[in-house]
*Asks:* 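The structure under discussion is supplied below as C-alpha cells; questions concerning it will follow.
Computed from a prediction, not measured in an experiment: that's the story for all the values here. Throughout, residue positions are numbered sequentially from 1 according to the sequence presented.
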Amino acid sequence: MESIAHTADYEFLYAQIAARIEKQIKQNLLKPGDKLPSVRMLSQEQGISMSTAYKSYVELENLGLIEARTKSGYYVKYLPARFTSVPETKPPLKKVKQASVAEMIAMVYRNMSEDSVLQLSRSSPPLSLIPLAKLSKSMMESIRNSPSGNITYENPQGNIALRKQVAKNAFNWGGYITEDDVITTQGCLEALIFCLRALTKPGDTIAIESPTYFGIFNVMLSLDLKVLEIPVNPDTGLDLEYLERAMNEVPVKVCLFVTNFSNPIGVCMSDERKQQLVRLLAEKQVPLIEDDIYGEIYFGKSRPRTCKSYDKDGWVILCSSVSKSIAPGYRVGWCIPGRFKEQVLNIKMMHSIASATPTQAAIGHFFETGRYDLHMRHLRKALYTQCLRYTQAIATHFPAGTKISRPQGGYALWVELDKKVNAFELYQLAIEQNISIAPGQIFSVDGRFANFIRISFGLAFDEMVEESFKVLGKLVNGLIF
C-alpha cells in the first residue's frame, strides 16, 4: 500500500493533513474503531477549509485507512500490513464419515460455562450489549396485556404476535410471508433439529459447510446422519461447483448452510450465488435448511438477502432466532418451512407440543414497540468496532504470517496459524491461563483445521482482552519455536 508521503500530491495541504493522520494510525496512536473529528471540526482545528478537510479524509479512504459510516462520521479501519492473506480453504476428505471430535467439543462446551475464564470462544452478545431494562419492560407489559398472564399453553405453531413480527421483518431480507408461514421454536438449534427430523431418516447424507459450527455435529450423530462437507471460500462463500459435483456422486438428502456470515469464517454469499444455489437444489428437489441466525448482524449498509427470498417452490426452510441479537437465555427461535410446514409442525407437537409462552410474548412485544430496531443499530456498531480492534490485536501480538478472515458480519474471526501449531494443544495451554478459544479441529468431522482457531469478538475490547492476546501470541510463538 503506497503511503501518502510518497505521492506526488504531498505538496498540497490536504495531503499534508492526511499524511499526519496516516502516521498516527500507523503508530497506533489512532486505533481501529476510533472516531475521527468531523469534517467541520477538522477544518476548525487545523485552520483549513471544509473542502480541504474533506479531501484529506477522501485521501485516507482511498488508502483503506479510514471509512465513512452513514450518519455517524469517519472511523479508523484496521491496518492490513501484517495479514494481507485470508485463511486458506482446505479440501475435505473424499470419504463421508461420522464426527470424531466429540470429546474436544464437549471440553470446549464445559469451559464455556466457567465464569473465571475469559470467553473468546463464545459467539453471543455479552451482558453489556443486551437491553436488559427494555426486555424486562416488554416482559412485564406482555404479561399485563394477556388475559391469562401468559401462563397457559401457547398455540402449537407459536405466539401469534411474535409470528406476525417475524413475517413483518421478513421484508428486510426480501421475503413476503404471513404469520401462518412461521413456526416458533426454543432457539435456532431446535428449529434445525425439527427440520432435520422431518426431512431425514437414519443413514441419510446431509451436506454441510466446512468449516462449520461444531454444535451441528452432535445433532448429526444423535440422528445417525452422514455428513458431506462442502468447502467454504473466505471471499465468495460456499463452493457451489464442488457441491454440484459432489451431489452427482453422493445421494444428498438435505443441505444445511449458513449463507449469511457463516460460522466461523463470517463470509456472506452474494445474491447471484444464492440464486444459483436455490436453482441448483430446486432442480434436484433437494431441500435447503438455511440457518440465518447471523443475518441481522451485518456490518454493511443493509441487511443481506436470504436464499429463502429467491425460493419459488418452497424448497428452502429458513431458521433463525434472537439468541445472537437480543437474549440468548430466552430461547426464542423460529422456522419458515415452506412446503414442509405440516411435517415440521408434527415433529414439534411430538417433541414439545408448544414453546414457552412468556418469552415468545415478550420478544413479540419487543419487536412491535420498535425497541428491536434501535437495539440492533447499537449492537451492529459495537460489534463492528470490536471486530476491528480484535483484528488489530491479533495482528500486533501474533507471529508474522498469521492469516485472518475479514468477516462482513457475525461474531467470529477465523485465524490460520503456522502449520507447526496444533490448535487443540494451544487451546489447552490457553485454558491454563483462563482464556478460552475454539480450536479449529472441532469445526470439521475429520479435524482437518488443526492449525486454525476461532476467536469470537462479542466481549467489549478492554485491557483484559488486550492482555489475553499478548498471552495467546506468546503461546503461539512457543509452539512454533
*Asks:* For residues Pro131 and Phe366, report the shortest heavy-atom separation together with the two atoms involved.
*Replies:* CG-CZ, 3.7 Å

*Asks:* State which residue, out of Thr236, Thr259, Leu238, fulfils the side-chain contact (heavy atoms from CB on, under 4.5 Å) condition with Arg273.
*Replies:* Thr236

*Asks:* Can you check side-chain contact (heavy atoms from CB on, under 4.5 Å) on Glu241 and Gln276, steps first, answer last?
*Replies:* CA-CA 10 Å; Glu241 294 71 27; Gln276 186 181 343; 3.8 Å; yes

*Asks:* Using the rule given for side-chain contact (heavy atoms from CB on, under 4.5 Å), can you reason through Val415 versus Ile437, listing the C-alpha separation, both sets of side-chain angles and the distance that settles it, and then say yes or no?
*Replies:* CA-CA 11 Å; Val415 182; Ile437 58 174; over 6 Å; no

*Asks:* For a side-chain contact (heavy atoms from CB on, under 4.5 Å) check, start with the C-alpha distance between Met269 and Phe257, then their side-chain angles and the critical distance, and finish with the verdict.
*Replies:* CA-CA 11 Å; Met269 288 179 67; Phe257 300 135; over 6 Å; no

*Asks:* For Lys474, does the NZ atom sit with more than 12 other heavy atoms under 6.0 Å from it, leaving out its own atoms?
*Replies:* no

*Asks:* Checking the side chain of Arg454 only, and the main-chain atoms of Ser121 only, is there a donor and an acceptor separated by less than 3.5 Å?
*Replies:* yes

*Asks:* Could you tell me whether a side-chain N or O of Arg163 sits under 3.5 Å from a main-chain N or O of Gly158, the two making a donor and an acceptor?
*Replies:* yes

*Asks:* Ignoring hydrogens and geometry beyond distance, is a side-chain donor-acceptor pair present between Thr184 and Gln360 at under 3.5 Å?
*Replies:* yes

*Asks:* Side chains of Ser138 and Arg371: do they bring a donor and an acceptor to under 3.5 Å?
*Replies:* yes

*Asks:* Out of curiosity, Phe481 CZ to Asn477 CG, how far, rounded to the nearest 0.5 Å?
*Replies:* 5.5 Å

*Asks:* What heavy-atom pair brings Ala356 and Gln186 nearest, and what distance separates the two atoms?
*Replies:* N-OE1, 3.4 Å

*Asks:* With a 4.0 Å cut-off, would you call Asp418 and Lys420 a salt bridge?
*Replies:* no

*Asks:* For Asp311 and Cys307, indicate whether the former's side chain and the latter's backbone hold a donor-acceptor pair under 3.5 Å.
*Replies:* no

*Asks:* Look only at the side chain of His378 and the backbone of Leu129, and say whether a donor-acceptor pair between them is shorter than 3.5 Å.
*Replies:* no

*Asks:* Between CG of Leu417 and CG of Leu475, what distance do you get to the nearest 0.5 Å?
*Replies:* 11.0 Å

*Asks:* With no hydrogens and no angle check, is any side-chain donor or acceptor of Lys308 less than 3.5 Å from a backbone partner on Glu290?
*Replies:* no

*Asks:* Heavy atoms, side chains only, cut-off 4.5 Å: are Trp414 and Phe443 in contact?
*Replies:* yes

*Asks:* Considering only heavy atoms from C-beta outward, does the side chain of Ile193 approach that of Leu196 to under 4.5 Å?
*Replies:* no

*Asks:* Quick one: does Phe217's side chain get under 4.5 Å of Val445's, heavy atoms only?
*Replies:* yes

*Asks:* Nearest heavy-atom pair of Gln157 and Val182: which atoms, and what distance?
*Replies:* NE2-O, 2.8 Å

*Asks:* Using a strict 4.0 Å threshold on nitrogen-to-oxygen distance, state whether Arg380 and Glu296 make a salt bridge.
*Replies:* yes

*Asks:* Evaluate the ring planes of Phe461 and Phe469, with Trp represented by its six-membered ring, and classify them as parallel (under 30°), tilted (30 to 60°) or perpendicular (over 60°).
*Replies:* parallel

*Asks:* Test side-chain contact (heavy atoms from CB on, under 4.5 Å) on Asn155 and Ile160; report intermediate values, then the result.
*Replies:* CA-CA 8 Å; Asn155 181 308; Ile160 184 65; over 6 Å; no

*Asks:* Could you label the plane-to-plane angle of the Phe449 and Phe452 rings as parallel, tilted or perpendicular, counting under 30° as parallel and over 60° as perpendicular?
*Replies:* perpendicular

*Asks:* So, the side chain of Asp181 versus the backbone of Thr178: is there a donor-acceptor pair under 3.5 Å, distance only?
*Replies:* yes

*Asks:* Does the side chain of Pro32 reach to within under 4.5 Å of the side chain of Thr391, using non-hydrogen atoms?
*Replies:* no

*Asks:* Could you tell me if the side chain of Leu426 sits less than 4.5 Å from the side chain of Pro439, heavy atoms only?
*Replies:* no

*Asks:* Does a donor on one side chain and an acceptor on the other come within less than 3.5 Å for Lys274 and Ser309?
*Replies:* no

*Asks:* Taking NZ, NE, NH1 and NH2 as the nitrogens, is one of them in Asp292 or Arg303 under 4.0 Å from a carboxylate oxygen of the other?
*Replies:* yes

*Asks:* Looking only at heavy atoms, which two atoms of Phe261 and Gly295 are closest? And how far apart?
*Replies:* CE1-O, 3.9 Å

*Asks:* Distance check, rounded to the nearest 0.5 Å: Tyr213 atom OH versus Ser262 atom OG?
*Replies:* 14.5 Å

*Asks:* Determine whether Gln386 and Arg389 make a side-chain contact, defined as any pair of heavy atoms from C-beta on separated by less than 4.5 Å.
*Replies:* no

*Asks:* Drop me the distance from Thr385's OG1 to Lys381's NZ, to the nearest 0.5 angstrom.
*Replies:* 7.0 Å

*Asks:* Would you tell me whether Arg331 and Ser323 have side-chain atoms, one donor and one acceptor, within less than 3.5 Å of each other?
*Replies:* yes

*Asks:* Is any side-chain heavy atom of Pro156 less than 4.5 Å from a side-chain heavy atom of Met349?
*Replies:* yes

*Asks:* How close do Pro304 and Trp173 get, heavy atom to heavy atom, and via which atoms?
*Replies:* O-CB, 3.8 Å

*Asks:* Which of parallel (below 30°), tilted (30 to 60°) and perpendicular (above 60°) describes Tyr411 and Phe457?
*Replies:* parallel

*Asks:* Report the C-alpha separation of Gln408 and Asn260 in whole Å, then their side-chain angles, then the decisive distance to 0.1 Å, and conclude whether the side chain to side chain donor-acceptor pair (under 3.5 Å) test is met.
*Replies:* CA-CA 9 Å; Gln408 300 158 289; Asn260 289 327; over 6 Å; no

*Asks:* Taking all non-hydrogen atoms of both residues, which atom of Gln119 and which atom of Leu459 are closest, and how far apart?
*Replies:* O-CD1, 3.5 Å

*Asks:* Please report the interatomic distance CG(Leu281) to CG(Asp313), rounded to the nearest 0.5 Å.
*Replies:* 12.0 Å

*Asks:* Quick one: does Ile480's side chain get under 4.5 Å of Val421's, heavy atoms only?
*Replies:* yes

*Asks:* Checking the side chain of Lys164 only, and the main-chain atoms of Glu368 only, is there a donor and an acceptor separated by less than 3.5 Å?
*Replies:* no

*Asks:* How far does CD of Gln165 sit from CD of Glu179, to the nearest 0.5 angstrom?
*Replies:* 10.5 Å

*Asks:* Among Leu225, Asp224, Leu199, which residue meets the side-chain contact (heavy atoms from CB on, under 4.5 Å) test with Asp204?
*Replies:* Leu225

